[in-house]
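Since the model is a prediction, treat every value here as computed from it, not as a measurement. Each chain gets a letter, A, B and so on, in the order its sequence line appears, and its residues count up from 1.
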2 protein chains.
Amino acid sequence: MEERVARRKSSAERRTEIVSAAAAIFASRGYAAVGMRDIADAVGIRGASLYHHFSSKEEILYAICLTVTQEPVEQNLPLLDAPGTPTERLTTLIGAHIRHLLHRRVEYVVGQHERPALTGEHRADIDQYLHYYNRRVRDVLVAGMRSGEFRELDPGLAALGILDMLNGVSGWIRGEADDDADDVVASHTALVLGGLRA
Amino acid sequence: MEERVARRKSSAERRTEIVSAAAAIFASRGYAAVGMRDIADAVGIRGASLYHHFSSKEEILYAICLTVTQEPVEQNLPLLDAPGTPTERLTTLIGAHIRHLLHRRVEYVVGQHERPALTGEHRADIDQYLHYYNRRVRDVLVAGMRSGEFRELDPGLAALGILDMLNGVSGWIRGEADDDADDVVASHTALVLGGLRA
DNA sequence: CGAGAAACCTAACGATCGATAGGCAGGTGG
DNA sequence: CCACCTGCCTATCGATCGTTAGGTTTCTCG
C-alpha cells in the first residue's frame with residue numbers, strides 16, 4: 001500500500017487542483033449556482049480556506065477562462081507561422097484547436113458559458129485573447145484567397161463561422177483520449193475546406 | 001400628448017413582456033446572477049407580483065428556452081418537407097434558421113448558455129426539441145449523400161458542426177433587421193455547401 | 001351598479017451567499 | 001530548539017436570494 005498520511009499540499013499544487021475542480025463543477029451546474037463551499041468540498045478543505053489561494057470567486061473563474069484563451073493563443077497560433085500553404089496551415093490549426101479543446105473540455109464549456117460573469121478588467125483581458133485568435137484565423141483565410149486556394153468570401157464572417165463550429169465541439173464530444181478526436185478532426189477539416197458538395 | 005394613465009395590462013401581455021425583459025437581462029448578466037426583483041423592475045412591478053404570472057424563476061427561463069427550441073421545430077423544419085433537392089431544402093433551412101435566430105437573438109443567447117440551469121423535466125423537454133431538430137438536419141444530409149449531391153461524410157458529425165456554426169451567430173451578430181442577416185446567410189450557406197476551397 | 005376575479009401591493013420568512021477576522025498546527029530555516 | 005511562515009481552521013458578518021402570506025386596487029361582466 002502506497003497510502004501515506006495526507007501530505008500538506010504546496011500552494012501551486014492546490015491552485016491547479018482548485019481550478020480544475022471548480023471547472024468541473026461550474027461546467028455541470030453553472031458558475032453562479034456553485035458556492036465557494038461546494039468548490040472547497042471538492043478539494044477537501046473548508047470554504048474560507050480558498051481565500052488563501054484566490055482573492056475571490058471570480059478570480060477562480062478568471063483562471064479557468066485564461067486556460068482556454070491564453071493557451072490556444074500561445075500554443076496553437078504559432079502553427080500558423082510555420083511554412084506551408086494557407087490550406088496546410090489552416091488544416092494544422094484545426095487539428096490543434098480541436099485537440100486542445102478536447103484536452104481542456106470542461107474549461108472550454110465554462111469559458112464559453114460564463115464569460116459574462118467576469119469583472120470588467122478580466123472580461124476585457126479574455127476578450128482580447130479571443131479577438132486576437134479570431135483575427136489570426138481571418139488572416140490565414142485572406143492569405144488563401146489571395147493565393148487563389150480559397151474562394152472569395154467575407155473573411156471575417158467565415159472566420160467567425162469556422163471558429164463557432166470548432167468551439168461548438170466542446171458541447172457534445174464524449175471521451176478525452178486523442179483517438180476520440182481523430183474522427184471529429186477529419187470530418188470538420190473536410191467540411192471547412194470542401195463543404196458538403198460532392 | 002398621447003400619454004394616458006398607465007393601463008393595467010392583460011395576463012397574456014404581461015407574460016410575454018416578462019419573458020422578453022427577463023431574456024434581455026439573463027443574456028447580459030447570466031441567469032443565476034439576476035434576481036426576481038431585477039426582472040420585476042424592468043417591467044415596472046414588484047418582485048412578488050411575478051408569481052401571479054410564473055410559479056418560479058425557472059419557469060421564466062423555461063419559457064425563454066421554449067421559444068428557441070419549439071419555435072424552430074415548428075416553423076423551420078416544415079421547410080425540409082417542401083419539394084426540392086436536398087441542396088435546395090438545406091439552403092432554405094439555413095436561411096430560415098439564421099433569420100429566426102436574428103429575430104429572437106437574446107433568447108438564443110440565454111437558451112444556449114443557461115440550459116444546464118433548467119430542472120430535470122424542463123431540461124428533458126428542451127433537449128428533446130434540440131435532438132429532434134438535429135436529427136432532421138442529419139436526415140437531409142443523408143438524403144443528399146444518397147442522391148450524390150453531397151460528399152460522403154459522417155452525417156451526425158456534419159450536422160452537429162453545421163448547427164454549431166449557425167447557432168454561434170447569436171454570439172456576435174449586431175442589428176436585428178432582416179437586411180442585417182442577408183450577408184451572414186449568404187456567407188454561411190456558401191461555406192456549408194462549398195467550403196473554403198476555390 | 002355591484003360583485004367577483006385578476007393584477008399588484010407590502011412585509012417578511014428562512015436559507016444561503018461571498019467574504020472577513022482571528023486562532024491553531026505543522027513544516028522549515030536559523 | 002525555537003521563531004516563523006504558511007496552509008487551514010472555526011465562527012460569523014451583512015447582504016441578498018426565491019418564495020409565501022395576506023391585504024388593496026383595478027378591471028370586467030352580468
Gap between atoms CD1 and P, on I45(B) and dT24(D) respectively (whole Å): 20 Å
Gap between atoms CD and P, on E59(B) and dG18(D) respectively (whole Å): 15 Å
Closest listed nucleotide, where the reference is the side chain of H52(B) and the choices are dA7(C), dT20(D), dG18(D): dA7(C)
Nearest-Å distance for atom pair NE2/P, residues H53(A) and dC9(D): 9 Å
Nearest-angstrom distance from the residue atom CG of D41(B) to P of dC9(C): 10 Å
Value in whole Å for how far the P atom of dG18(C) lies from CZ of F26(A): 9 Å
Given dA19(C), dC8(C), dA11(C), the nucleotide with the shortest approach to the side chain of K57(A): dA19(C)
dC9(C) phosphate, OP1 or OP2, under 4.0 Å from S49(B) side-chain N/O: yes
Distance-only side-chain donor-acceptor flag, T119(B) / E121(B), under 3.5 Å: no
Cation over ring face, K57(A) and Y31(A), 6.0 Å, 45°: yes
Salt bridge (charged side-chain N to carboxylate O under 4.0 Å, His left out) assessment of D180(B) paired with R105(B): CA-CA 13 Å; D180(B) 298 324; R105(B) 196 191 124 246; over 6 Å; no
Nearest-angstrom distance from the residue atom CZ of F54(A) to P of dG7(D): 13 Å
Which nucleotide in dC8(D), dA21(C), dT19(D) has an atom nearest any side-chain atom of Y51(B): dT19(D)
Integer-rounded Å distance: dC9(C) C1' and R46(B) CZ: 8 Å
Distance test, side-chain N/O of S11(B) to OP1/OP2 of dA6(C), below 4.0 Å: no
Criterion salt bridge (charged side-chain N to carboxylate O under 4.0 Å, His left out) on R136(A) and D81(A), from CA distance to verdict: CA-CA 10 Å; R136(A) 292 296 309 275; D81(A) 300 323; 2.8 Å; yes
Distance flag, aromatic centroids of Y108(B) and H100(B), threshold under 6.0 Å: yes
Given DNA chain D, 5'-ward residue of the pair G47(B) and G47(A), judged by closest heavy atom: G47(A)
For atom CZ of R37(A) and atom P of dA15(C), their distance in whole Å: 15 Å
